[in-house]
There are 2 protein chains.
Amino acid sequence: MRTAKISDAVVRRLPLYLRILDQLAVHEGPDASLSSQELGERAGVSPALVRKDLAWFGEFGKQGVGYDVQYLRTALRKILHLDKEIRIALAGVGNLGLALARYHRRRYLSEPEFHLHIVALFDNDPAKWGEEIDGVPITPMSQMPEMVRRLGIRMGIITVPAEAAQEVANQMVRSGVRLILNFAPATLSLPEHVHVATADLSVELQRLSYYLDEDEASPVPH
Amino acid sequence: MRTAKISDAVVRRLPLYLRILDQLAVHEGPDASLSSQELGERAGVSPALVRKDLAWFGEFGKQGVGYDVQYLRTALRKILHLDKEIRIALAGVGNLGLALARYHRRRYLSEPEFHLHIVALFDNDPAKWGEEIDGVPITPMSQMPEMVRRLGIRMGIITVPAEAAQEVANQMVRSGVRLILNFAPATLSLPEHVHVATADLSVELQRLSYYLDEDEASPVPH
DNA sequence: TAGATTGTTAATCGATTAACAATC
DNA sequence: TAGATTGTTAATCGATTAACAATC
């Protein structure tokens, strides 16, 4: 793929487009198509932006018709590398980690085309070692390098407390993981070649609460 | 507050600044100060941007010195409305919802200055009704309008399956909630005056997986 | 063919950075 | 005072939108 250097803003929208196509692929017939107008509406972006985003990767549409749902869906899955299994390690099997592990594992087992696969769970609490969550055993953090190599793990999810997050991230990177989804309320500092996505729930709630007193007086129809 | 109309990009960074100040307030003395340079480094943004972001809300710094940690922290908490209790409803008490509810409730109980408070849990499964999670009972969705009014709920968290998300969001808005954090893999369409933050875990993972095959050949020191 | 919609270029808009006078 | 760092303006950069020729 000759992708010059696609901006992060573009990449961020691709999964949204894909999700819409996934839904249409189920609900509509096999040769449904949709315009950039329709896709934009459902994704909450302008039609021009949809066309520009997709054009970075090739010519997927037909003038006067739009985009073939199945074809574009397959293309996006390939672009996002979602056409093959992606193996994931999760570190920190507390409340949140446990819930995420179960949630994902079930999706993996029930949706044949869902290829994000949590194959290893790590925790520093010896009391948890050996315990299995839906068939995946909990392992000491120290075994991460070996497990990553052996199982071909490419992605890490961090659900440890904030204080431990940086150290766990370092351990992941040392083990060869370059893609990290961080749930801990901490800003990680990592080498440039590592991509970090943040999913900090408190930050999102705090951001929302900024808008609390906005426009409180205006009439609300109901 | 005479806030002209602060851009979303700015608001998004405020909680990051606040988190750093929270940490410093604990670890440093009570009259520590820090420069836009230091704050920027820790937050991962440029010093100029830190100064510009803060300047939207007032003059918090001293030339030649920087920002007083306590003072700026208090100011940011006020700007984000985090100085008073914010009551939250959570809809969908499955794996994820349960974990989030527990996680937040414990933070609320253990940190005296953490004012985000989940006070109601909703679910459509009659088998769950009446069950209590850390003291908060699970209630039928139909009681949402009354509960929101009675308990002064201002924010909603959605952790129901994707198919139910839009309907639950509508119900929240009808009940008077204007701030929604959505964990369901669905794009919600809601009135303009409602603010929605998205925390879609699969989307984040899919976004990361775009970078999978990047630069695989380059040498990694270890 | 006529109508619709793409892919793409140019114009606009907004956000970030650079630079510096003011001042602690 | 001299050094450091703010608040702010002007310059730059990048992302989105508008517009339209190409074409299904």
Side-chain angles (χ1 to χ4, degrees), chain A residues 1-17 20-21 24 28 31-73 75-76 79 187 207 210, chain B residues 1-17 20-21 24 28 31-73 75-76 79 187 207 210:
Chain A
M1 221 158 285
R2 180 143 295 288
T3 51
K5 170 56 187 168
I6 311 293
S7 101
D8 214 63
V10 174
V11 174
R12 196 175 289 277
R13 285 187 292 267
L14 299 181
L16 297 182
Y17 300 151
I20 290 159
L21 294 166
L24 289 176
E28 313 273 317
D31 37 67
S33 68
L34 90 172
S35 64
S36 59
Q37 170 81 48
E38 296 172 289
L39 184 47
E41 253 166 44
R42 287 168 186 265
V45 306
S46 76
L49 191 51
V50 169
R51 294 202 297 278
K52 202 158 201 295
D53 284 346
L54 297 177
W56 286 101
F57 302 95
E59 308 197 353
F60 302 106
K62 260 203 188 65
Q63 280 99 330
V65 181
Y67 301 90
D68 181 89
V69 171
Q70 288 298 354
Y71 182 67
L72 184 55
R73 175 169 181 265
L76 277 178
I79 290 165
T187 307
R207 180 170 86 74
Y210 169 80
Chain B
M1 218 159 287
R2 181 143 294 287
T3 50
K5 169 54 186 167
I6 311 294
S7 102
D8 214 63
V10 174
V11 174
R12 196 174 289 276
R13 285 186 293 266
L14 299 181
L16 298 182
Y17 300 152
I20 290 160
L21 294 166
L24 289 176
E28 312 274 316
D31 36 68
S33 68
L34 88 172
S35 63
S36 59
Q37 170 81 47
E38 296 171 289
L39 184 48
E41 252 166 44
R42 287 168 186 265
V45 306
S46 77
L49 191 52
V50 170
R51 295 201 297 278
K52 202 157 203 293
D53 283 346
L54 298 177
W56 286 101
F57 301 96
E59 307 198 353
F60 302 105
K62 261 204 188 68
Q63 281 99 330
V65 181
Y67 300 89
D68 180 89
V69 171
Q70 288 298 354
Y71 181 68
L72 184 56
R73 175 168 181 266
L76 277 179
I79 289 165
T187 307
R207 181 170 86 73
Y210 169 79

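So you know, we letter chains A, B, ... as the sequences are listed, proteins then strands, and number each from 1. The figures here come from the full heavy-atom set of this structure, side chains too, leaving out hydrogens, waters and symmetry mates.
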### Query
Taking the inter-plane angle between the rings of B:Phe60 and B:Tyr71 on a 0 to 90° scale, is it parallel (under 30°), tilted (30 to 60°) or perpendicular (over 60°)?
tilted

To the nearest Å, give me how far apart [atom1] ([X]) and [atom2] ([N]) are.
X: A:Asp8; N: C:dA15; atom1: CG; atom2: P; answer: 17 Å
X: B:Asp53; N: C:dA15; atom1: CG; atom2: C1'; answer: 10 Å
X: B:Phe57; N: D:dG7; atom1: CZ; atom2: C1'; answer: 15 Å
X: A:Leu39; N: C:dT5; atom1: CG; atom2: C1'; answer: 14 Å
X: B:Leu49; N: C:dA15; atom1: CG; atom2: C1'; answer: 8 Å
X: A:Glu38; N: C:dT6; atom1: CD; atom2: C1'; answer: 14 Å
X: A:Arg12; N: D:dA15; atom1: CZ; atom2: C1'; answer: 14 Å
X: A:Trp56; N: C:dT6; atom1: CH2; atom2: C1'; answer: 17 Å

Going from [atom1] on [X] to [atom2] on [Y], what distance comes out if it is rounded to the nearest 0.5 angstrom?
X: B:Arg73; Y: B:Ile20; atom1: CZ; atom2: CD1; result: 13.0 Å
X: B:Leu76; Y: B:Tyr67; atom1: CG; atom2: OH; result: 10.5 Å
X: B:Glu28; Y: B:Leu21; atom1: CD; atom2: CG; result: 11.0 Å
X: A:Tyr17; Y: A:Leu54; atom1: OH; atom2: CG; result: 6.5 Å
X: A:Arg207; Y: B:Leu16; atom1: CZ; atom2: CG; result: 10.5 Å

Show which side-chain atoms of residues 39-46 of chain B pair as donor or acceptor with protein atoms under 3.5 Å away, not counting sequence neighbours.
{"unit_1": "B:Glu41", "atom_1": "OE2", "unit_2": "B:Gln37", "atom_2": "NE2", "d": "3.0"}
{"unit_1": "B:Ser46", "atom_1": "OG", "unit_2": "B:Leu49", "atom_2": "N", "d": "3.2"}

### Message
One pair to check against salt bridge (charged side-chain N to carboxylate O under 4.0 Å, His left out): A:Lys62 and A:Asp68. What are the steps and the verdict?
### Response
CA-CA 8 Å; A:Lys62 260 203 188 65; A:Asp68 181 89; over 6 Å; no

### Message
A side-chain contact here means heavy atoms from C-beta on lying under 4.5 Å apart; do A:Phe57 and A:Leu14 qualify?
### Response
yes

Within the structure, does a side-chain N or O atom of [X] lie under 4.0 Å from either OP1 or OP2 of [N]?
X: A:Ser36; N: C:dT5; answer: no
X: B:Tyr67; N: D:dG7; answer: yes
X: A:Ser46; N: D:dT17; answer: yes

### Closest-nucleotide ordering on DNA chain D, the 5'-leading residue of A:Val45 and B:Gln37
B:Gln37

### Message
Stem list for DNA chain D, please, built from Watson-Crick and G-U wobble pairs under 3.5 Å and keeping only runs of at least 3.
### Response
C:3-24 with D:3-24

### Query
For nucleotides 18-24 of chain D, read 5' to 3', which letter fits each nucleotide if B means a protein heavy atom sits under 4.0 Å from the base, S means only the sugar-phosphate is that close, and - means neither?
BB--BBB

